[in-house]
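Keep in mind that the numbers below use all heavy atoms, side chains included, and drop hydrogens, waters and symmetry copies.
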Amino acid sequence: MSMSVIKEPKPFHREFELERLMLFSDIVFAVAITLLVIEIKLPAIPRNMPANGYWQLLQPTAIEFLTFTASFIFIGNFWVRHLNLCRFLQNYNEGLIHRHLFFLFFIVSFPFSTAALLRTNAHFMLPVFLYLCNLAGCLAALFWISYYVFQRNPDLAVAGHHTEKELLYQRLKYGFLTMATGFTCIAMTYFLYPENAAYQRVSYLLIPALALFNYFRLKIKKRNTLRLVHKVDPNN
């Protein structure tokens with residue numbers, strides 16, 4: 001009785017397949033950024049438009065462009081974080097593929113949540129929550145990938161570079177915790193104080209405040225970690 005044996009890919013094939021995973025991710029990023037700008041169009045300008053009427057006519061386009069710029073910055077930042085994470089990869093498995101697809105789901109959702117954000121008004125805040133949820137999903141997925149690689153499956157990453165891996169892991173963790181905490185507080189504020197616009201506006205300041213706090217917290221942690229490394233290895 002013959003038995004079929006599934007052979008493991010050769011190292012060369014493994015490296016090629018890992019490159020395909022990264023290339024697919026880069027294509028998704030490129031498509032998402034392209035779709036952001038495709039909806040921005042200049043309005044039809046009348047021939048006899050007075051000079052003081054241009055701003056009123058172009059104001060919606062200016063808001064669309066600013067929203068596009070913010071989303072472009074966010075996607076670019078996620079691409080950089082993803083690139084820094086992938087620098088340490090030397091192998092992959094199905095778990096890593098599934099987590100990458102989960103992350104890319106939130107990346108391709110950016111054009112939708114960005115377009116929805118332009119339909120926000122004082123009585124319809126759902127698009128804002130969709131956009132914040134999109135940001136939180138990206139950060140959660142990046143942290144999930146880093147946890148899976150650095151904590152649960154360290155054999156997927158290259159050997160060594162323990163300090164860089166730990167600092168990157170902490171950066172992604174704090175980024176996720178900042179957004180998750182801020183988003184939860186904003187949602188609770190709208191739920192508890194649905195008619196208090198002042199409380200609602202103040203709640204949005206919590207995310208940048210937490211981000212700033214964690215930025216300095218990470219800088220202190222990085223300095224202490226590097227100081228400890230130098231003490232252990234004076235020649236480093």
Side-chain angles (χ1 to χ4, degrees), residues 8-9 11-30 32-33 72-107 110 134-182 207-236:
E8 283 291 322
F12 171 76
H13 293 156
R14 207 72 175 172
E15 181 179 350
F16 175 70
E17 291 167 359
L18 185 60
E19 288 180 357
R20 287 190 64 191
L21 177 64
M22 300 304 105
L23 180 61
F24 176 72
S25 301
D26 287 342
I27 292 174
V28 170
F29 275 99
I33 284 181
F72 183 93
I73 292 172
F74 281 130
I75 294 180
N77 182 265
F78 291 137
W79 180 80
V80 171
R81 296 186 184 202
H82 182 258
L83 178 65
N84 291 334
L85 182 57
C86 291
R87 286 176 54 234
F88 297 102
L89 290 179
Q90 68 172 355
N91 207 340
Y92 75 96
N93 56 23
E94 287 191 9
L96 183 62
I97 293 175
H98 295 157
R99 284 160 177 79
H100 262 82
L101 290 174
F102 180 72
F103 170 61
L104 294 177
F105 169 81
F106 289 102
I107 294 298
F110 255 101
N134 206 157
L135 292 174
C138 287
L139 291 168
L142 274 176
F143 171 62
W144 195 23
I145 295 174
S146 67
Y147 174 78
Y148 186 77
V149 172
F150 296 145
Q151 303 295 323
R152 292 188 56 188
N153 297 273
D155 57 304
L156 297 179
V158 296
H161 306 282
H162 301 294
T163 302
E164 294 181 35
K165 292 177 184 176
E166 178 62 22
L167 290 175
L168 178 59
Y169 174 73
Q170 294 295 333
R171 189 179 307 123
L172 295 176
K173 181 178 76 172
Y174 283 132
F176 162 63
L177 292 176
T178 295
M179 194 65 207
T181 304
I207 293 179
L210 286 172
L212 190 63
F213 171 77
N214 285 325
Y215 171 77
F216 288 107
R217 185 178 179 183
L218 281 170
K219 286 185 71 70
I220 294 173
K221 185 177 182 64
K222 180 179 180 179
R223 185 173 64 246
N224 294 337
T225 302
L226 293 176
R227 187 179 302 165
L228 181 61
V229 170
H230 289 306
K231 285 183 180 179
V232 174
D233 186 7
N235 297 322
N236 190 359

[X] side chain near [Y] side chain, heavy-atom distance below 4.5 Å:
X      : Y      : value
Leu172 : Phe176 : no
Phe106 : Leu135 : no
Leu168 : Phe88  : yes
Leu85  : Arg81  : no
Ile107 : His82  : no
Leu96  : Ile145 : yes
Trp79  : Ile33  : no
Leu177 : Asn214 : no

Starting at [atom1] of [X], measure out to [atom2] of [Y] and round the result to the nearest 0.5 Å.
X      : Y      : atom1 : atom2 : answer
Thr181 : Tyr174 : OG1   : OH    : 12.0 Å
Gln170 : Phe143 : CD    : CZ    : 8.5 Å
Thr178 : Arg217 : OG1   : CZ    : 9.0 Å
Ile97  : Tyr92  : CD1   : OH    : 5.5 Å
Leu21  : Asp26  : CG    : CG    : 10.0 Å
Leu139 : Asn134 : CG    : CG    : 10.0 Å

Parallel, tilted or perpendicular, as decided by the 30° and 60° cut-offs, for the rings of Phe78 and Phe103: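 Rings of Phe103 and Phe78: perpendicular, over 60°.
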
For [X] and [Y], work out which heavy atoms get closest and say how close.
X      : Y      : result
Met22  : Cys86  : SD-SG, 3.0 Å
Leu18  : Gln90  : CD2-C, 3.8 Å
Ala141 : Phe102 : CB-CD2, 3.6 Å
Ile75  : Ala32  : CD1-CB, 4.3 Å

Under 3.5 Å, which donor-acceptor pairs link side chains of residues 147-162 to any protein atom two or more places apart or in another chain?
residue, atom, partner, partner atom, Å
Tyr148, OH, Asn93, OD1, 3.2
Tyr148, OH, Asn93, ND2, 3.1
Asn153, ND2, Tyr148, O, 3.2

Results of salt bridge (charged side-chain N to carboxylate O under 4.0 Å, His left out) for Arg87 - residues two or more places apart only: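 Arg87 satisfies salt bridge (charged side-chain N to carboxylate O under 4.0 Å, His left out) with Glu164 only.
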
N/O donor-acceptor pair under 3.5 Å between Asn84 side chain and Val80 backbone: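 Checked: pair present.
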
Residues Phe74, Cys138; criterion side-chain contact (heavy atoms from CB on, under 4.5 Å); working and verdict: CA-CA 10 Å; Phe74 281 130; Cys138 287; over 6 Å; no

Within 6.0 Å of CZ in Phe72, more than 12 heavy atoms from elsewhere: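 No, not enclosed.
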
More than 12 heavy atoms from other groups under 6.0 Å of CH2 on Trp144: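 Enclosed: over 12 neighbouring heavy atoms sit under 6.0 Å from CH2 of Trp144.
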
